[in-house]
2 protein chains.
Amino acid sequence: MLRLSTKGQYGVRAMYEIARGYPERPVNIKEISERQDVSIHYLEQILNKLRRAGLIRSVKGPGGGYLLAKMPEEISISDILLELEGPLAITSCLNPEEGCVRVEICVTHLLWKALGRQIEDFLNTVTLGDLLQGKSFDDFTMLAKSGKGVVV
Amino acid sequence: MLRLSTKGQYGVRAMYEIARGYPERPVNIKEISERQDVSIHYLEQILNKLRRAGLIRSVKGPGGGYLLAKMPEEISISDILLELEGPLAITSCLNPEEGCVRVEICVTHLLWKALGRQIEDFLNTVTLGDLLQGKSFDDFTMLAKSGKGVVV
DNA sequence: AAAATACTTAACTGATTTTGTCAAGTATTT
DNA sequence: AAATACTTGACAAAATCAGTTAAGTATTTT
Ligand code: FES
Ligand code: FES
């Protein structure tokens, strides 16, 4: 139930590796591939999307690789997943591109909407910075929406 | 991203229709099919699973149909989805049946685990009773875990 | 007893999505 | 010029999803 695709998962793990080089050291694909055990070809596909989305930039030539385009604290998990998997839409009814004619009379619409908001709040709150710090996320749950800092 | 299957969605909607007959009136498949616009054959498949799981029971013969096996307040959305879509597992690593050898060294494992907990808390908290009452779920989010009542 | 209603079960199939691979580049530095 | 490294698009096997088909069994009403 509610599975995240490997593309999204690999994407976050790749971004973590790139974040480790922040702000100076370019991290090349081979290094990411080896550390996270994901094929180079598949990573190329993933990193390409993330680059076009402006989350990372690339440096060519020997010694090149990928660099974070922003501070780790400014890149949320949501940012990454959005590019790789499209907008969060628990149901097709909630997908702007699909929509649903039953919305007005549907008894579950608000339920799924609330669940989506719950997930979105969480993913918006957690950033690469949190991953770098090795947080446990135990207390993220209820504080996510408070807007204030999050307990470690 | 993170799509719920139609089976799960239809299942919740079907359970809502059955809940409307609680505690006495059996609701037949045809009525559910018409009100929720889901094929009878597909519903049969879904209701069968829910019956074997003990969430509903069936009454045969003319005037028969399906009845809730418990009070609407005692059946959570999580109960329904669990039967139709299996256990919540954002990633295969979190699925008991699959597992992952990288768990110990993985930088994202705790992240997905926390997200899963977030979702599970929510789905465990909402019941058919809430749907019957037409709640908006606006305030469920942060109060889900408090254990106490939920704001309408 | 017969007919009508209604649930039960298993098998099957087409469509879609996921999860990658392959091939042929382009760009930069040493 | 050679080595390194990113870039892009096409392709395809595998898995999952969504739904149908078909052939029942069980119960009540007349
Ligand atoms: S069926 Fe589309 S909103 Fe419920
Ligand atoms: S790769 Fe399995 S836990 Fe992260």
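Chain naming here is simple, since letters A, B, ... match the order of the sequence lines and numbering starts at 1 in each.
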Distance in angstrom units between B:Asp37 CG and D:dA18 C1', rounded: 15 Å
For a quick test of reading the model: is some side-chain N or O of A:Arg51 closer than 4.0 Å to OP1 or OP2 of D:dT7? yes
Any idea which of D:dG19, C:dT21, C:dT8 is nearest the B:Lys60 side chain? C:dT8
Rounded to whole Å, CG of A:Leu43 lies from C1' of D:dT8 at a distance of 16 Å
Is the distance from OP1 or OP2 of C:dT19 to the nearest side-chain N or O of A:Thr6 less than 4.0 Å? yes
Any salt bridge linking B:Arg25 with B:Glu31? Criterion: basic side-chain nitrogen under 4.0 Å from a carboxylate oxygen. yes
Nucleotide D:dA23, atom P - distance to NE2 of B:His41 in whole Å: 12 Å
Pairwise 5' ranking along DNA chain C for B:Asn28 and B:Arg52, keeping only the more 5' one: B:Asn28
Under 4.0 Å: is that the gap between some side-chain N or O of A:Tyr10 and OP1 or OP2 of C:dG20? yes
Is any side-chain nitrogen or oxygen of A:Arg3 closer than 4.0 Å to OP1 or OP2 of D:dC17? no
So that I can tick it off, tell me whether B:Arg117 and A:Asp138 are bridged by a salt bridge, with the cut-off set at under 4.0 angstrom between side-chain N and carboxylate O. yes
Rounded to the Å, how far apart are A:Ile40 CD1 and C:dA23 C1'? 15 Å
Would you mind reporting whether A:Leu50 and A:Leu47 have side-chain heavy atoms less than 4.5 Å apart? yes
So, does the side chain of A:Gln45 form a donor-acceptor pair with the base of C:dT21 at under 3.5 Å? yes
Can you check the A:Glu44 CD to C:dA24 P distance for me, whole Å? 15 Å
Can you tell me how far C1' of D:dC6 sits from OH of A:Tyr66, to the nearest Å? 5 Å
Determine the contact category for A:Asn48: base if any of its heavy atoms lies under 4.0 Å from a base atom, sugar-phosphate if only primed atoms, P, OP1 or OP2 are that close, otherwise nothing. base
Would you please say whether a donor-acceptor pair under 3.5 Å links the side chains of B:Asn95 and B:Ser92? no
Options D:dA10, D:dT7, C:dT5, nucleotide nearest the side-chain atoms of A:Ser58: D:dT7
B:Ser5 side-chain N/O to D:dT16 phosphate OP1/OP2 under 4.0 Å: no
With a 4.0 Å limit, can you tell me whether B:Tyr42 has a side-chain N or O closer than that to the phosphate oxygens OP1/OP2 of D:dT21? no
Do A:Arg20 and A:Glu17 meet the salt-bridge criterion of a basic N to acidic O distance under 4.0 Å? yes
With side chain to side chain donor-acceptor pair (under 3.5 Å) as the criterion, how do A:Ser5 and A:Glu85 come out once you've worked through the C-alpha distance, each side chain's angles and the decisive distance to 0.1 Å? CA-CA 8 Å; A:Ser5 81; A:Glu85 308 202 11; 2.9 Å; yes
Rounded to whole Å, please give me the gap between NZ in B:Lys7 and C1' in D:dC17. 8 Å
Does the structure show a Watson-Crick or G-U wobble partner for C:dT30, both distances under 3.5 Å? Name it, or say none. D:dA1
Hey, does B:Leu47 reach any base, or is it just sugar-phosphate, or nothing, if we go heavy atoms under 4.0 Å? nothing
Can you tell me which nucleotide in D:dT4, C:dA23, D:dG9 comes closest to the side chain of A:Pro62? D:dT4
In whole angstroms, the gap separating P of D:dA5 from CD of A:Glu34 amounts to 11 Å
